[in-house]
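What you see is a predicted model; the values in this text were computed from it and never measured.
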Amino acid sequence: MRKEAADIRKLKKYKPTRFMAEGSTYNRELADLAVSFIGCLKHTKGEWYGQNFELIDWQEQIIRDLFGIVKPNGYRQFNTAYIEIAKKQGKSELAAAVALLLTCGDMEYGGEVYGCASDRQQASIVFDVACGMVEQCPALKSRIKPVLSQKRLIYKPLGSFYQVLSAEAYTKHGLNVHAVVFDELHAQPNRQLYDVMTHGSGDARKQPLYFLITTAGNDVNSICYEVHQKARDILDGRKIDPTFYPVIYGADEADDWTSPKVWKKANPSLGITVDIEKLEAACESARQNPAEENLFRQLRLCQWVKQAVRWMPMEKWDKCAFAVDPEALQGRACYGGLDLSSTTDITAFVLVFPPEYEGDKYVILPFFWIPEDNLDLRVRRDHVPYDVWEKQGYLKTTEGNVVRYGFIESFIDELGAKYNIREIAFDRWGATQMVQNLEGLGFTVVPFGQGFKDMSPPTKELMRLTLDEQLAHGGHPVLRWMMDNIHVRTDPAGNVKPDKEKSTEKIDGAVATIMALDRAIRGGGDTDASIYDERGLLLL
């Protein structure tokens, strides 16, 4: 195994990254120094313990690009590196080696190098590897003073240090950062620590480096996904940032996740740090248990997935983001779905406009409300950009710390003056008073059960319409988020319904859409026929 691995690790001819900026050059001496420094370190775990850290090709490419490509002034071109790669590829070892290189081999007097992660325990993983490397290197061991109680390594010749930080971002202002090693950025609970450590903290340094290394995550509203998107945009040529170095090893959405050829795309260390037999076993387990499929995709293929078992294929939902013009819908027949949730939570009201002619689409027009006073609290607690959506007009607020139902009733009344709202379906729970008030305003309000009998037909129909691109929802971000949150429950007869217990994030807008769609299908626009009557219920 070791001989085979050594053969695999033979360096191919180095070619600088295509993102080397005009005017920048490749300084081989600086690159060789960085590679040589890491080569003097030793591995700390498993069968590789005690062996010299010989960089694998993909690792050496990164090190030579980051430390060898310099601007005309001689300083590094890249100050942010984003490395996204599957688990068990040697991430922790590479991160620890980079942390030691930046602390001891970068000739930065008084350099402050910080190791960050979602919590102190996670950040300590890389730190402990670095300590093991120092312990096995006499030259470093004689020059580094460990302060283990503070998770700090002090390099005495330069007065520099490498230290672990936890996620309490409010205590980190004022740091004079030379470098940051962020491990598993996808696990950050919010963006605060990232912002504090990367925005302005290295202004006093000539060539700060923010080294971000992570697997893919499952929260598209996270800071990691934001950085992932920037990296993807640069890789695909949609954006240009000469200071940002993007590396993403991952399978594409359309790839066959069971194919060994696809595994290699996300696992450049395959056959070295991870055996193909282990991937085969994990894949077979995911085949037999659908609940493990997304976990395999996320951790082994480095794909961004939303849920352990997701219902709505979001790439299909996104294809239905046809433009919706609310003004052009005035006077058209439509059907409403109302999900009140609780007074301190999100309230959703969705209008569905049935097709008016052959080839027309079901148009979705959603509205959402949240109490104004707890908006900031919810942003911090839920890690969801409610404040951004509110500024963009996708989410409305009502005064106070609870949703004002009277405000919503008045808003629906105004909608009734613009659109021909035939019926409003509602969840019986907690809606008695508002239902009476809406009836008093002249609306036809229809109770809608939340069990399999009522929910299954429109839930399946929503999926069919999405797959056939017969919906137009305008790409509304709040509704998209809620659709992506849905888990479904299935009964022995194959009926499905949204599972509010397993859907840990909010799905109010999705439920309101399903209820409104049911009434729109049964109403059939200007006809009395229902699509259910024409071809029966779908069995998916």
Side-chain angles (χ1 to χ4, degrees), residues 5 8-9 46 56-59 61-62 81-95 117-118 122 125 182-188 212-236 245-319 484-487:
I8 294 172
R9 291 199 311 271
I56 305 171
D57 284 353
W58 70 268
Q59 295 173 328
Q61 178 77 40
I62 290 171
Y82 178 78
I83 318 298
E84 187 176 290
I85 195 168
K87 65 180 293 189
K88 302 301 182 183
Q89 303 302 302
K91 289 198 314 299
S92 297
E93 289 75 9
L94 181 62
S118 57
Q122 178 66 41
I125 293 175
F182 250 108
D183 185 33
E184 299 295 13
L185 183 62
H186 80 275
Q188 281 295 307
L212 321 171
I213 191 161
T214 185
T215 54
N218 57 17
D219 183 0
V220 296
N221 295 307
S222 65
I223 179 59
C224 187
Y225 189 74
E226 180 180 316
V227 181
H228 162 88
Q229 283 294 89
K230 179 176 181 177
R232 177 55 63 193
D233 287 343
I234 293 173
L235 288 168
D236 294 343
Y245 182 76
V247 175
I248 297 179
Y249 284 100
D252 295 329
E253 184 70 26
D255 285 343
D256 177 7
W257 62 274
T258 65
S259 169
K261 291 182 179 179
V262 173
W263 301 346
K264 184 64 177 178
K265 291 172 64 175
N267 295 266
S269 299
L270 189 61
I272 304 174
T273 64
V274 61
D275 297 329
I276 192 168
E277 290 83 4
K278 292 183 178 179
L279 270 183
E280 289 173 344
C283 179
E284 184 58 30
S285 180
R287 282 176 186 265
Q288 297 179 13
N289 182 3
E292 294 184 15
E293 178 183 331
N294 273 13
L295 198 61
F296 180 86
R297 287 173 178 263
Q298 178 189 346
L299 299 181
R300 298 290 192 172
L301 300 186
C302 211
Q303 289 182 321
W304 280 81
V305 295
K306 178 56 184 165
Q307 303 161 163
V309 181
R310 60 181 176 182
W311 177 68
M312 176 62 71
M314 294 311 294
E315 69 277 7
K316 299 295 185 181
W317 177 262
D318 291 341
K319 287 185 177 180
D484 201 12
N485 289 334
I486 293 182
H487 286 253

Kindly indicate, with the supporting measurements, whether the criterion side chain to side chain contact (heavy atoms under 4.5 Å, CB included) is fulfilled by Gln89 and Tyr249. CA-CA 11 Å; Gln89 303 302 302; Tyr249 284 100; over 6 Å; no
For a side chain to side chain contact (heavy atoms under 4.5 Å, CB included) check, start with the C-alpha distance between Gln229 and Glu226, then their side-chain angles and the critical distance, and finish with the verdict. CA-CA 5 Å; Gln229 283 294 89; Glu226 180 180 316; 5.9 Å; no
Pair His228, Leu185 - check side chain to side chain contact (heavy atoms under 4.5 Å, CB included), show working. CA-CA 10 Å; His228 162 88; Leu185 183 62; over 6 Å; no
For salt bridge (charged side-chain N to carboxylate O under 4.0 Å, His left out), just list the numbers for Glu315 and Lys319, CA-CA rounded to whole Å, side-chain angles, deciding distance to a tenth of an Å, and then say yes or no. CA-CA 7 Å; Glu315 69 277 7; Lys319 287 185 177 180; over 6 Å; no
Let's go through Val247 and Trp58 carefully: what are the C-alpha distance in whole Å and the side-chain angles of both, what is the deciding distance for side chain to side chain contact (heavy atoms under 4.5 Å, CB included) to 0.1 Å, and is it a yes or a no? CA-CA 10 Å; Val247 175; Trp58 70 268; 5.7 Å; no
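The backbone N or O of Ser92 lies less than 3.5 Å from no partner atom in the side chain of Asp183, so there is not a single donor-acceptor pair. Formation of a donor-acceptor pair under 3.5 Å by the Ser222 side chain with backbone atoms of His186 is not found in this model. Side-chain atoms of Ser269 do not come within 3.5 Å of backbone N or O of Ile272 as any donor-acceptor pair. Here the side chain of Trp311 pairs no donor or acceptor atom with the backbone of Asn485 at under 3.5 angstrom. Under the 3.5 Å distance criterion, the side-chain polar atoms of Thr215 are left unmatched by any main-chain donor or acceptor of Lys87.
The structure places CG of Asp275 at 11.5 Å from CG of Asn267, a figure rounded to the nearest 0.5 Å. Atom-to-atom distance recorded for Leu94:CG and Ile62:CD1 is 6.0 Å, nearest 0.5 angstrom. Summarising the geometry, atom CZ belonging to Arg297 is positioned 6.5 Å from atom CD belonging to Glu253; distances are rounded to the nearest 0.5 Å. Note: Lys88 NZ to Lys278 NZ = 8.0 Å, rounded to the nearest 0.5 Å. Interatomic distance, CG of Leu279 versus CH2 of Trp263, reported as 6.0 Å (0.5 Å rounding). Atom OG1 of Thr214 is separated from atom OH of Tyr225 by 14.0 Å, given to the nearest 0.5 angstrom.
Partner of Asp252 under the salt bridge (charged side-chain N to carboxylate O under 4.0 Å, His left out) criterion, out of Lys261, Lys265, Arg232: Lys265 alone.
Across all their heavy atoms, Trp257 and Glu293 have their closest contact at NE1-OE2, 3.5 Å. When every heavy atom of Ala117 is checked against every heavy atom of Gln122, the shortest pair comes out as CB-CG, 3.4 Å. Taking each heavy atom of Thr258 and Cys283 in turn, the nearest pair found is CA-SG, 3.8 Å. Shortest non-hydrogen contact noted between Ser118 and Ala187 is CB-O, 3.3 Å. The minimum heavy-atom distance linking Ala231 with Ile248 is given by the pair CB-CD1, 4.0 Å. Between Gln61 and Tyr245, the closest heavy-atom pair is O-OH, 3.8 Å.
For the pair Lys264 and Pro260, the minimum side-chain heavy-atom distance is 4.5 Å or more. Contact of the Ile85 side chain with the Pro268 side chain is registered, since non-hydrogen atoms from C-beta on lie closer than 4.5 Å. For the pair Ile213/Lys91, a side-chain contact is recorded, criterion being any heavy-atom separation below 4.5 Å from C-beta on.
Lys230 meets the side-chain hydrogen bond (donor to acceptor under 3.5 Å, both in side chains) test with Asp241; sequence neighbours excluded. The ring pair (Phe, Tyr, Trp, His ring centres under 6.0 Å) search around Tyr82 returns none, not counting sequence neighbours.
Under 3.5 Å, the side chains of Trp304 and Glu84 contain a donor-acceptor pair of N or O atoms.
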